[in-house]
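Before any comments, here is the structure.
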2 protein chains.
Amino acid sequence: MTNAYSKINEQDITRLTEIVGADFVIQDEASLRDYAHDETEDIMCLPEVIVKPNSTKEVSKIMAYAHNRRLPVTARGAGSGLAGGAIPALGGIVLSLERMNRIVNIDMDNLQVQTEPGVITEVLQNAVKEKGLFYPPDPASSGWCFIGGNVATNSGGPRALKYGVVKDYVLNLEVVLASGEVIETGAQTLKNSTGYNLTQLMVGSEGTLGVVTQITLKLIPLPKYNLLMLVPFSSAKMACAAVSAIFQAGITPSALEFMERSAIDWAIKYIGHVNFKIEDSVGAHLLIEVDGNYLETLYQDCEVITEVVEKFGADNVLFADNDDQKRELWKLRKNVGHAVKLNSIYKEEDTVVPRAQLPELLDGVKSIGEKYNFTSVCYGHAGDGNLHVNILKGDMSDEDWNNKLHEGIAELFHYVKQLGGTISGEHGIGLVQKRYMNIVFSPIELKLMAAIKNSFDPHHILNPQKIFPEV
Amino acid sequence: MTNAYSKINEQDITRLTEIVGADFVIQDEASLRDYAHDETEDIMCLPEVIVKPNSTKEVSKIMAYAHNRRLPVTARGAGSGLAGGAIPALGGIVLSLERMNRIVNIDMDNLQVQTEPGVITEVLQNAVKEKGLFYPPDPASSGWCFIGGNVATNSGGPRALKYGVVKDYVLNLEVVLASGEVIETGAQTLKNSTGYNLTQLMVGSEGTLGVVTQITLKLIPLPKYNLLMLVPFSSAKMACAAVSAIFQAGITPSALEFMERSAIDWAIKYIGHVNFKIEDSVGAHLLIEVDGNYLETLYQDCEVITEVVEKFGADNVLFADNDDQKRELWKLRKNVGHAVKLNSIYKEEDTVVPRAQLPELLDGVKSIGEKYNFTSVCYGHAGDGNLHVNILKGDMSDEDWNNKLHEGIAELFHYVKQLGGTISGEHGIGLVQKRYMNIVFSPIELKLMAAIKNSFDPHHILNPQKIFPEV
């Protein structure tokens, strides 16, 4: 797939200015640098121009123009991505959706919300919460990421094991195609067996098939209560082994998070201090939440869970007694990634396996680490088998880091595939994982995906250089 | 899209016999007639040959051969479909998956099941139930339909409002493409953000993109208890209006089924008698189920529901006290469709709208019925806004039935679209609804779907004449 792209010229700027207004066509050096990266390692690619449309119509006009001119367009949410999906790899236009930040309608009769893509996930969560409703997907970056970016990566977060991921809440999308044409992918309904599922094709496609301009999400009644417990284990392996046993006991927690010891230590160091003590003998923690409408049955659930984890050697279970304690525990968990990254050059992998394979995955990470001489900090959504592996550069040589480490990662991903898993559970492929796509997909499977890409975006102007290994 | 297909000749039969054995290449007249139809109205199209493979490898060889020879291939489950999806519209090969009826593995550690497509849905449900696990999707035909057909149509059933539809349980698929190449669409994981979602593209594609040969489904712990209540209302409109109010009260029932009076009467007439009396003043019923692990809280849920429905004039709520009563009520509901169809030539529509729009939809059905002079019996999954509309021929003239009724159906579907809904919630489009596809999709949207079809099946040998309006 070779594509001839144009460079942005004066006329392009004039036309883009006509569409969105002079204030929203931005070319100053500082801004270009701000929009050159997301949260992925230290990678930067400067865009030629940043354009900030305020409506579907403006997005449509921009795309029609870019299509005609063969200008690369990288749609961008808040830039919180961890796979380089929002990095403008070939320059061109960064299409920032930040001004399209309106919650269009909270439909109390149908338990749905229509929203623009630029709404911060937490703002959306809180807006529906005020009405007694619940939008469960909750990425660690929920305080600043955009709902549109969540749709683009099919993100998840800690509640996915009970409530599912973004794809399970998206009912319908308004999408501007590469050509500027506007489509609706589905209907405002909970069920739909009408033609191919373009909605689900779009979710997780990382801005390579179209620009999402409006999103209809399913909501559910907000559970009245939740209980949170922090469970220490002597080893990471024991913690992982307890995970499947909890489900087998008939309990589906609303969160089941894993942190190995070093992850907790990094996070505590980062947030200052915590109001509880972690014994030296602790090798890992599970953070377990249950939720529902009846407090007394949640306590019963917790009793069952306690019985299960005791079989795996856990004692000293810490129950969060009030909202402050819950917030503290969640803050700890949500800051692990950030804390680890502040302390070293790193790469973050987003491995996912069937959850019972988690102990094997963890073993694999550590033994491959020994072989390739890297240290890793592991944590993540154990209930889904989704393990985040932060690989630290530490004292690895630049040569090894830049040229040898990828062999270790490839080996890890081959192992993940062998366990029935895949290379991204919720971060996406973007720029940094595409070289590994052929580990989990055959040439035929990749060809089918490429054919879909060609149908939606024949000139490959949308988020070029992403997902596919050979571009 | 014009395609030149071949007719089956002697050499084809020889080759097919080599692949699956003589016993499984069938051409006798009686069998051809058996495989000429599904449960859709009275439509028949004779296949030229029925082939019954026993493995993915055999399916692959058949497809590679058919691809090369340009033979139409219609994959078939149990033939329980209601939109003509399994009817071999152009003759050719009916590829029956009935011999691929093995449950490959019930994975107790990961709460997953791997199954072949020819397993009867109820057999699968019971097999996992014995292990304390739950596969919730439950089409009315579950006693004889195949799980593969459920995947092909993205079917639902009464539990979808709480537990979702088939698409929410499919984690991974093995698929034989038109070319005979075998792909895997995803991974054995609960989360997946790795490339385009081919799994979800395949679900609901009605055998037009590939032949599903193995299915990995998510399972959940089996809820320990359920309670069932039959709630009479003075009018269908009051019943529909109560539906949204139940959700707004914070309850998510595990089933919330609607039957208008005539639907109940037909069903009672069909199954003989029932052990309860329906007052003359009753205009419609809701059948409401709640489920969970704690019986005492289910009673509390029922109290909340009772308070809500009383506001809509319901009294005389009937609680099913034991399993026999529950079975009787479910038998009543599940036989409505069958009962109605035995009594008249009919067409069945599968409308779906946002659930709060259900009263308006019902009004629309009746007033369009008056305009076009048709009688309808309405029932279905009110909790999802999914209303089955059985249109009876009654004393309508053949001329009106054959040539005018479709205008009335088109008007109904335009109205459904206007309400935010679509034309199929769980039955699919198949042969009989394709003429209405352009009511809910724009030419651009249909063009995108057609491009996907072309990528997967360039010679259009898979289930030709289905889904797309212009073929």
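Values in this document were obtained by computation on a predicted structure and should not be read as measured data. Below, chains carry the letters A, B, ... as their sequence lines are ordered, and counting in each starts from 1. As a basis for the values below, the full set of heavy atoms in this structure was taken, side chains included, without hydrogen atoms, waters or symmetry mates.
Here T208(B) is the residue among V440(B), D350(B), T208(B) with the most heavy-atom pairs under 4.5 Å with chain A. Considering only heavy-atom pairs separated by less than 4.5 Å from chain A, the leading option among I444(B), L201(B), T153(B) is I444(B). Counting heavy-atom pairs closer than 4.5 Å to chain A, the top-ranked of the candidates N154(B), N192(B), V182(B) is N192(B). The candidate from A160(B), G195(B), G156(B), S442(B) with the greatest count of non-hydrogen atom pairs under 4.5 Å with chain A is G195(B). In terms of non-hydrogen atom pairs under 4.5 Å with chain A, the most contact-rich of L111(B), L446(B), L209(B) is L209(B). Interface remark: of the candidates E184(A), K167(A), K218(A), E184(A) forms the most heavy-atom pairs closer than 4.5 Å to chain B. Contacts with chain A were tallied for G383(B), G292(B), G250(B), G204(B); G250(B) has the most, counting heavy-atom pairs under 4.5 Å.
Side-chain contact between F441(B) and I183(A) is absent, with no heavy-atom pair separated by less than 4.5 Å. Annotation: side chain of N293(A) is not in contact with side chain of Q300(B) (no heavy-atom distance under 4.5 Å). The closest side-chain heavy-atom distance from L190(A) to V165(B) is not below 4.5 Å. Between Q188(B) and Q357(A) the shortest side-chain heavy-atom distance does not fall below 4.5 Å. Two residues are said to be in side-chain contact when any heavy atoms from C-beta on lie closer than 4.5 Å; I251(A) and P221(B) fail this criterion.
D107(A) CG to R355(B) CZ: the interatomic distance, rounded to the nearest 0.5 Å, is 9.5 Å. Rounding to the nearest 0.5 Å places CD of Q433(B) at 11.5 Å from OG of S193(A). From K453(B), atom NZ reaches atom OG of S455(A) across 13.5 Å, with rounding to the nearest 0.5 Å. Between T297(B) atom OG1 and L295(A) atom CG the span is 12.0 Å, to the nearest 0.5 Å.
Remark: side-chain polar atoms of S244(A) are paired, donor with acceptor, to backbone N or O of D109(B) under 3.5 angstrom. Within the 3.5 Å criterion, the main-chain N or O of S424(A) finds a donor-acceptor partner in the side chain of T194(B).
Interface remark: S205(B) contributes backbone and side-chain atoms alike to the contact with chain A (heavy atom separation under 4.5 Å). The contact between N386(A) and chain B is made entirely by side chain atoms (from C-beta outward), counting heavy-atom distances below 4.5 Å. Proximity to chain B is absent for every atom of L171(A), based on heavy atoms less than 4.5 angstrom apart. The part of E296(A) that comes within reach of chain B is its side chain, from C-beta onward, which places non-hydrogen atoms under 4.5 angstrom from that chain. At a 4.5 Å heavy-atom cutoff, the contact between T185(B) and chain A is made by backbone atoms alone. For D384(B), the parts sitting under 4.5 Å from any heavy atom of chain A are the backbone and the side chain alike. V352(A) touches chain B through backbone and side chain together, each having a heavy atom under 4.5 Å away. For H427(A), the part lying under 4.5 angstrom from a heavy atom of chain B is the backbone only. Contacts between K417(A) and chain B at a heavy-atom distance below 4.5 Å involve the side chain alone, from C-beta outward. Contact annotation for I220(B): neither backbone nor side-chain heavy atoms come within less than 4.5 Å of a heavy atom of chain A. Using a 4.5 Å cut-off between heavy atoms, M437(A) contacts chain B through its side chain alone, with no backbone atom that close. Heavy atoms of E426(B) lying under 4.5 Å from chain A belong to its backbone as well as its side chain. Within the 4.5 angstrom heavy-atom criterion, only side-chain atoms of L198(B), from C-beta onward, approach chain A.
Residues Q200(A) and N197(B) share a closest heavy-atom pair of O-CB, 3.6 Å. Considering all non-hydrogen atoms of both residues, Y294(A) and D301(B) come closest at OH-OD1, 2.5 Å. In plain terms, the two heavy atoms of M108(B) and Q248(A) that are nearest each other are O-NE2, 3.0 Å.
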Apply side chain to side chain contact (heavy atoms under 4.5 Å, CB included) to L448(B) and L177(A), showing your working.
-> CA-CA 10 Å; L448(B) 286 175; L177(A) 298 175; 3.9 Å; yes

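Between Y196(A) and F456(B), the ring center distance fails the sub-6.0 Å criterion.
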